[in-house]
Amino acid sequence: MEDRTFVSIEMREIDFEWLKRAEFGDDEERMGSELYWEFVTRDGAIVNMEAIECDYGNWDEAEELLRSHFIEYDKTWGDGGEYSGGEAFIRNVDGSMVCVEIYKESKNLVDFLSEVRSLAAEKIKARVEQELRSIMPFDVEPL
């Protein structure tokens with residue numbers, strides 16, 4: 001048995017509905033059966049598909065279909081035995097599907113960099129010092 005975890009994929013509802021019509025003759029039950037999803041939920045203009053038993057956090061059937069139709073989506077997956085959970089953002093950039101993955105252990109750094117990137121230099125320095133002191137309350141010199 002492979003190393004399995006849950007995967008969640010979010011996409012725009014308009015893309016989901018188009019894909020359902022184009023590939024599955026508007027049959028959502030058939031779509032779910034062929035893509036092996038466990039749950040589909042709708043929240044306004046976003047559709048979330050979830051699968052529970054995906055090898056190494058990859059939902060090949062759904063992801064290959066979405067990429068082949070240049071449908072942008074966001075993906076999250078849980079921890080496995082040999083990898084950490086994370087999130088991915090798949091976008092159409094100049095006609096190519098580009099994926100940016102952020103693993104769980106990098107999430108705090110990405111959030112911090114997103115927070116400070118538009119600050120003035122002095123505010124960035126103060127914010128970096130604040131964050132560093134929250135992790136290391138004293139300077140560490142080599143022994």
Side-chain angles (χ1 to χ4, degrees), residues 1-24 28-143:
M1 182 169 161
E2 301 293 328
D3 191 351
R4 295 173 182 244
T5 189
F6 80 89
V7 173
S8 175
I9 290 179
E10 288 186 345
M11 71 182 85
R12 289 184 216 67
E13 182 179 36
I14 192 168
D15 293 332
F16 177 86
E17 293 298 330
W18 179 87
L19 187 65
K20 182 173 66 171
R21 276 190 306 280
E23 289 290 326
F24 303 98
E28 192 163 318
E29 187 173 318
R30 181 176 146 227
M31 185 179 186
S33 175
E34 291 186 24
L35 294 181
Y36 306 108
W37 70 45
E38 297 291 327
F39 308 101
V40 168
T41 55
R42 290 172 171 76
D43 183 16
I46 300 295
V47 173
N48 183 39
M49 303 185 311
E50 296 182 25
I52 296 175
E53 295 287 323
C54 295
D55 291 339
Y56 297 96
N58 297 312
W59 188 354
D60 296 331
E61 299 83 7
E63 293 185 69
E64 288 171 11
L65 185 62
L66 293 172
R67 287 174 189 236
S68 72
H69 288 289
F70 295 91
I71 295 175
E72 298 179 338
Y73 63 96
D74 296 344
K75 173 181 128 174
T76 57
W77 65 93
D79 292 335
E82 300 177 14
Y83 55 90
S84 66
E87 57 189 335
F89 305 93
I90 297 80
R91 299 294 184 269
N92 181 349
V93 178
D94 298 326
S96 295
M97 295 305 283
V98 178
C99 176
V100 173
E101 290 185 336
I102 302 170
Y103 289 90
K104 187 170 68 176
E105 59 270 10
S106 300
K107 179 82 170 102
N108 289 342
L109 176 60
V110 171
D111 290 345
F112 175 76
L113 293 173
S114 296
E115 174 190 335
V116 301
R117 74 177 174 186
S118 62
L119 296 177
E122 287 304 310
K123 288 187 178 189
I124 292 173
K125 184 176 180 181
R127 187 66 185 91
V128 167
E129 184 66 24
Q130 176 188 8
E131 191 66 26
L132 179 62
R133 290 297 171 210
S134 74
I135 297 168
M136 298 180 64
F138 55 87
D139 291 331
V140 177
E141 299 291 328
L143 296 176

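Quantities reported herein were computed from a predicted structural model and do not represent experimental measurements.
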What are the two closest heavy atoms between [X] and [Y], and how far apart are they?
X   : Y   : answer
D79 : T5  : O-OG1, 3.4 Å
R30 : E23 : NH2-O, 3.4 Å
C54 : N58 : CB-O, 3.4 Å
G81 : D3  : N-OD2, 2.6 Å
Y73 : I71 : CD2-O, 3.4 Å
S8  : N48 : OG-OD1, 2.6 Å

Practice problem: Give the intermediate values and the outcome of side chain to side chain contact (heavy atoms under 4.5 Å, CB included) for residues R67 and I90. | Solution: CA-CA 8 Å; R67 287 174 189 236; I90 297 80; 3.6 Å; yes
Considering only NZ, NE, NH1 and NH2 on the basic side and carboxylate oxygens on the acidic side, decide whether [X] and [Y] come within less than 4.0 Å.
X    : Y    : answer
K20  : E17  : yes
R133 : E129 : yes
K75  : E101 : no
D74  : R91  : yes

Practice problem: Take the angle between the ring planes of Y103 and W77 and call it parallel below 30°, perpendicular above 60°, tilted in between. | Solution: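 Y103 and W77: perpendicular rings.
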[atom1]/[X] to [atom2]/[Y] distance, rounded to the nearest 0.5 angstrom?
X    : Y    : atom1 : atom2 : value
R117 : E115 : CZ    : CD    : 11.5 Å
I46  : E13  : CD1   : CD    : 9.0 Å
F16  : E28  : CZ    : CD    : 4.0 Å
M97  : L66  : CE    : CG    : 7.5 Å
E122 : R127 : CD    : CZ    : 15.5 Å
H69  : N92  : NE2   : CG    : 13.5 Å

Practice problem: Return yes if a side-chain donor-acceptor contact under 3.5 Å exists between E53 and Y36, otherwise no. | Solution: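 Looking only at side-chain atoms, Y36 and E53 do not form any donor-acceptor pair under 3.5 Å.
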Exercise. Could you give me the CA-CA distance, side-chain angles and deciding distance for F24 and E29, then say whether side chain to side chain contact (heavy atoms under 4.5 Å, CB included) is met?
Key: CA-CA 9 Å; F24 303 98; E29 187 173 318; over 6 Å; no
Quiz prompt | Residue L132 excluded, over 12 heavy atoms near CG under 6.0 Å | solution =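 Counting other residues, nucleotides and ligands, CG of L132 exceeds 12 neighbours.
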Exercise. State, yes or no, whether a side-chain contact exists between E10 and D43 at a heavy-atom distance under 4.5 Å.
Key: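 No, every pair of side-chain atoms sits at 4.5 Å or beyond.
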Quiz item: Taking the six-membered ring for Trp, are W59 and F6 ring centroids under 6.0 Å apart?
Solution: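 For W59 and F6, the ring centres are not under 6.0 Å apart.
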